[in-house]
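First up is the structure itself, then whatever we jot down about it.
The figures here come from the full heavy-atom set of this structure, side chains too, leaving out hydrogens, waters and symmetry mates.
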Amino acid sequence: MKDQVLVFAGVALSAVYALAGKDDKLRLLDLAERSGRTASAPSGYGPPESYALSGRSPAADAVRAGRSMWWDAAELDTYRETENGSETPTLPSGVSLGVLPLATDGTRLGCLLVVGDTAEGFAPEQRSFLELYAEEVAAGLETAAEPIAPGPGGQGTSGRPGGRAPGGEGRQSGVPGRGDSEGAGTSTTDADGPAPRDGPAGGPATRRPLLGPALDRLGVGSFTLAPASGLIDADARVLELVGVAPDAFDGRVETLLAQTVPEDLPALMSVVEPRQAVGGRELDFRIRCANGELRWLRLSCRVPAGGDRGPGRVPEQVLGVVADASILRPVADEVSRVQRLAASLANALSVRDVSRVVAIALREPLGADRVALAGLEAADRLVVTVLDPPEPSAWPEIWRSEWRSEWPDAPLQALPTLQAALREGRPSLWHAGTELEPGLAGVGPGGLAVLPLLAQGRIAGVCLVGWDEPHEFVPEERSLLTATAGLVGQALMRAQTYDAEQELATTLQRSLLPRRLPELPGCVAVARYLPARRGLQVGGDWYDVISLSDRHVALVIGDVQGHSAAAATIMGQIRTAIRAYAVEGHPPDVVVSHANRLLVGMETDLFATCCYVDLDIEEGNAWFVRAGHLPPLLRNPDGTTEEMAIEGGLPLGVVEDAEYPMTAAGLTPGTLLVMATDGLVESSSLPLDEGLRRLQQVLSSTDPSDAGHVADDLLGDRSRREDDVALLLMRYDGLKVRPIRVGWTVWRLPDAVMHARRFTARTMRSWNLAEEADVVLLVVSELVTNALVHTHGAVRLDLTLAADRLRVAVSDSSPRAPAKPVIVDWEATGGRGLLLVEAMSAGWGSVPVSGGKQVWSEIVVPPHEPPGTETGTGPAAEPLGLLPSRGP
């Protein structure tokens, strides 16, 4: 039955290579095909007699790495393409390969090479079996390497035929097959005794019988089941494990199932019943021995390649292996299960991670129909973190009556029995037929386990495990559930603390970044931020979009050194400072210089990089300033991409008097401007140049019509990021209708307000807005009067007509913002001007401009056709321009 075992493992050919010490080679020691013939290899492939350990080959790579390596057909093709003269012979197409190092007590002995018969590679259950097989091969290889002590009459004996020599005394440093030559000779896997050793002079080695004896030592039985007929062909080892005499076996599967404990029959029927006989299934079951004791066995089965007739069809045959659970899967006992659960919980960070681990660890191994885990908050509310199965219909109404999202809340007051169990603080097990409230009875009508999750003297939550069919809680299962409750309680409390820290970090990060980006005329800006996946999820990356007056917008992206709360704090201060400097009306180089001096003056050890762009939306002119940051990327309307050549300066916070030159560029409608931090294009496995190249490839191939989709495409695989990522993208469309601007310098004369009103009236007539003139003239009168009365120096009036808005702006040299009066009595002679402006305007405000300020008001006007004549006449009309020039 060895062929069936190899078919189950998916092995077409296996070979053992041993280390030869003198010339540092791996030499072929044993070879076997699935058919049992050992003198030849499968068609199209002959394993070489040796591999150089220092060369590149699957065998050498696995031995040097000290771990098992697996290749499916596609990975094997890739390996061939990059091997550069390796010693790997050409394998037939459509096969897979596995190499398992052989070692004992830290000593490398060689490797086991297995060739699979499918292109999909070895399944997890096959890999587990082959790793156990490799351990037995290594044990046999070590035993064969030990010298035979002289016995009576000069005969040698190892003390334990087929096993390790006691104590390992007198062990040679070499192993069979080591020598200077290539080791000719034939394989003897079916021989009765050990093959002769190398001669004293290191002559040709003889292949050792290792593969067959190792399979025998595993004590694994194999079977072939025909689901349609219920006939099973089982070898002697299976019959021995199940406790059926060979002469009493009639070939029917029912004869073997009769030895099984009744509670385990449903699980076994999933293999026996035709419509449930599928490949890749593993399960534990118990049989009752003749002396009355229970024995745990492990069954693994699969449908061989080509043996499945299609979905919903009965397969022709199912191959499987049966072994004592302690041999095939050493973790089958409850203690090892708890250890495995503890290892899985150690890697679970969040509450959801812990919940998923618990559901996987309990539901299938215990054969449960439902598993729920909930955290206890405020001593009276259960916050459900996982329901397995997740479908609402599988749970009682009380668990889904407040189903607000993926994770519902269950009121503890509605479950008095559960509330009492939590007060007691110890696991409670209820059998089928126990009277419980509907909210609990529906979870486990056949049996229910309630596990309070204790940690640090308090209850962190509860775990419910329910069965539909009547379930008996055996002592081993009770111990498992009790131990599980303690482990999960500690893990859940740790995860709750972790989630609280991450929530705090996320709240901090979100509070430091813009909540939303402004809507801009003539362009669309979108941004993305992703925290790092390790450590505290808060960092120093930031972005900002700042609406400026005069149809200008500032785009900023930056990165503070480090990944910590300190970096986030500095980031928030720098972002606020840059926004303040930009709103004041400073040109880009001055904004960045001021931010640099601020960071130097803060006396922090951290520095920051930054890229600042000032864009004139109306004209498409942009001015760039770069302080140690990545250059922006540009996607032109024709789909070509380029990395912009922007002059750079030092990072912020390094040198107080650093210079930051400006670079001018023009944007045409349809252009995409992309600014990002280095976390998007650089990692430990991705050089910066390669990352920028890949980003340009994605940018050129994406559809620019949806800026949000473009940003998502640029983020790529979010699961592999090592650093936080900030991405700012703007699509420049240009203005369809350009605004019309006129300006007037207000002279400080007694009739200055009258001249300002006359200028405004002429402009309104030329713009065909005579009906709205009264409102506009009132606003102009109040704003000009306030500027003349409360300030000194030059005063300027600017009118801008854009779409359905007319903007009135009055600039003066005083930085003091106007204050709206709180109370104005009947006897007051002033103070009502700003109240009138507020009442008549759709919006108004004040912004600092170059040492002074600008008070503005927007008034809604009907949609209009742009006039075809000049809007300003005579000396009063001045060139367009609401504010001083923002660029060079």
Legend entry - Any M644 side-chain heavy atom under 4.5 Å of L673 side chain: yes
Inset, instruction - Determine, stepwise, if the pair M730 / L615 fulfils side chain to side chain contact (heavy atoms under 4.5 Å, CB included). - result: CA-CA 11 Å; M730 188 203 69; L615 173 64; 3.5 Å; yes
Legend entry - Any side-chain heavy-atom pair of T668 and N636 under 4.5 Å: no
Inset, instruction - Take L599 and T604, measure what side chain to side chain contact (heavy atoms under 4.5 Å, CB included) needs, and give me the verdict at the end. - result: CA-CA 7 Å; L599 187 55; T604 177; 3.7 Å; yes
Legend entry - Pairs meeting criterion salt bridge (charged side-chain N to carboxylate O under 4.0 Å, His left out) with involvement of residues 568-579, two or more places apart: D544-R575, D544-R579
Legend entry - Any donor-acceptor pair under 3.5 Å from R807 side chain to W856 backbone: no
Legend entry - Interatomic distance, S547 atom OG to L520 atom CG [nearest 0.5 angstrom]: 5.0 Å
Inset, instruction - Answer yes or no: is there a donor N or O on one side and an acceptor on the other, between the side chain of T671 and the main chain of Y732, under 3.5 Å? - result: no
Inset, instruction - Decide whether D614 and H552 meet the rule of one side-chain donor and one side-chain acceptor closer than 3.5 Å. - result: yes
Legend entry - Q696: side-chain hydrogen bond (donor to acceptor under 3.5 Å, both in side chains) partners, not counting sequence neighbours: T641
Inset, instruction - For residues A374 and L492, report the shortest heavy-atom separation together with the two atoms involved. - result: O-CD2, 4.4 Å
Legend entry - L362 side, atom CG; C463 side, atom SG - distance, nearest 0.5 Å: 5.5 Å
Inset, instruction - For G66 and P101, work out which heavy atoms get closest and say how close. - result: C-CG, 3.9 Å
Inset, instruction - Would you please name every residue forming a side chain to side chain contact (heavy atoms under 4.5 Å, CB included) with L692, sequence neighbours left out? - result: E643, V681, L688
Inset, instruction - Show your working on side chain to side chain contact (heavy atoms under 4.5 Å, CB included) between I578 and W542 and close with a plain yes or no. - result: CA-CA 12 Å; I578 289 180; W542 92 89; 4.0 Å; yes
Inset, instruction - Output the distance between atom CG (L630) and atom CG (L680), rounded to the nearest 0.5 Å. - result: 9.0 Å
Legend entry - Within-4.5 Å side-chain heavy-atom neighbours: R363 and P389: yes
Legend entry - Candidates D713, D541, D712 - the one meeting salt bridge (Lys or Arg N to Asp or Glu O under 4.0 Å) with R528: D712
Legend entry - Side chain to side chain, L714 and L727, heavy atoms closer than 4.5 Å: yes
Legend entry - Least distance between heavy atoms, G522 atom then I617 atom: CA-CG2, 4.2 Å
Legend entry - Sidechain-backbone polar pair: T702 side chain, V698 backbone, donor-acceptor under 3.5 Å: no
Legend entry - Residue pair L373 / V488, side-chain heavy-atom distance below 4.5 Å: yes
Legend entry - Shortest non-hydrogen separation from V526 to A707 and the atoms involved: CG2-O, 3.6 Å
Legend entry - Pairs satisfying side chain to side chain donor-acceptor pair (under 3.5 Å), at least one member in residues 62-73, at least two apart: D61-R64
Legend entry - Flag, side chain of T677 to backbone of A726, donor-acceptor distance under 3.5 Å: yes
Legend entry - Nearest heavy-atom neighbours spanning C611 and P632: SG-CG, 3.8 Å
Inset, instruction - Before accepting this row, confirm whether a basic side-chain N of the pair R694/E690 lies closer than 4.0 Å to the acidic partner's carboxylate O. - result: yes
Legend entry - Reported CG-to-CG distance for the pair L487 and L453, which is rounded to 0.5 angstrom: 10.5 Å
Legend entry - Gap separating the CZ atom of F624 from the CE atom of M675, nearest 0.5 angstrom: 7.5 Å
Inset, instruction - State the CZ-CG distance between R356 and D388, to the nearest 0.5 angstrom. - result: 11.0 Å
Inset, instruction - Evaluate the side-chain proximity of V545 to P514: yes if any heavy-atom separation is below 4.5 Å, no if none is. - result: no
Legend entry - Candidates L699, L667, T640, L672 - the one meeting side-chain contact (heavy atoms from CB on, under 4.5 Å) with L634: L667
Inset, instruction - Taking the side chain as every heavy atom from C-beta outward, state whether V590 and Y581 have any atom pair closer than 4.5 Å. - result: no
Legend entry - Heavy-atom closest contact (A455 atom, G489 atom, distance): CB-O, 3.4 Å
Inset, instruction - For the pair H629 and I557, evaluate side chain to side chain contact (heavy atoms under 4.5 Å, CB included) and give the outcome as yes or no after the intermediate values. - result: CA-CA 9 Å; H629 200 79; I557 195 164; 3.7 Å; yes
May I have the list of side-chain donor-acceptor pairs in residues 652-665 shorter than 3.5 Å, sequence neighbours left out?
unit_1, atom_1, unit_2, atom_2, d
Y660, OH, N596, OD1, 3.3
Y660, OH, L650, O, 3.1
T663, OG1, E647, N, 3.2

Legend entry - Beyond-backbone contact of R741 with E618, side-chain heavy atoms, under 4.5 angstrom: yes
Inset, instruction - Look at atom CG of D638 and say whether more than 12 heavy atoms of other residues, nucleotides or ligands are closer to it than 6.0 Å. - result: yes
Legend entry - For F607, all residues meeting ring pair (Phe, Tyr, Trp, His ring centres under 6.0 Å), sequence neighbours excluded: none
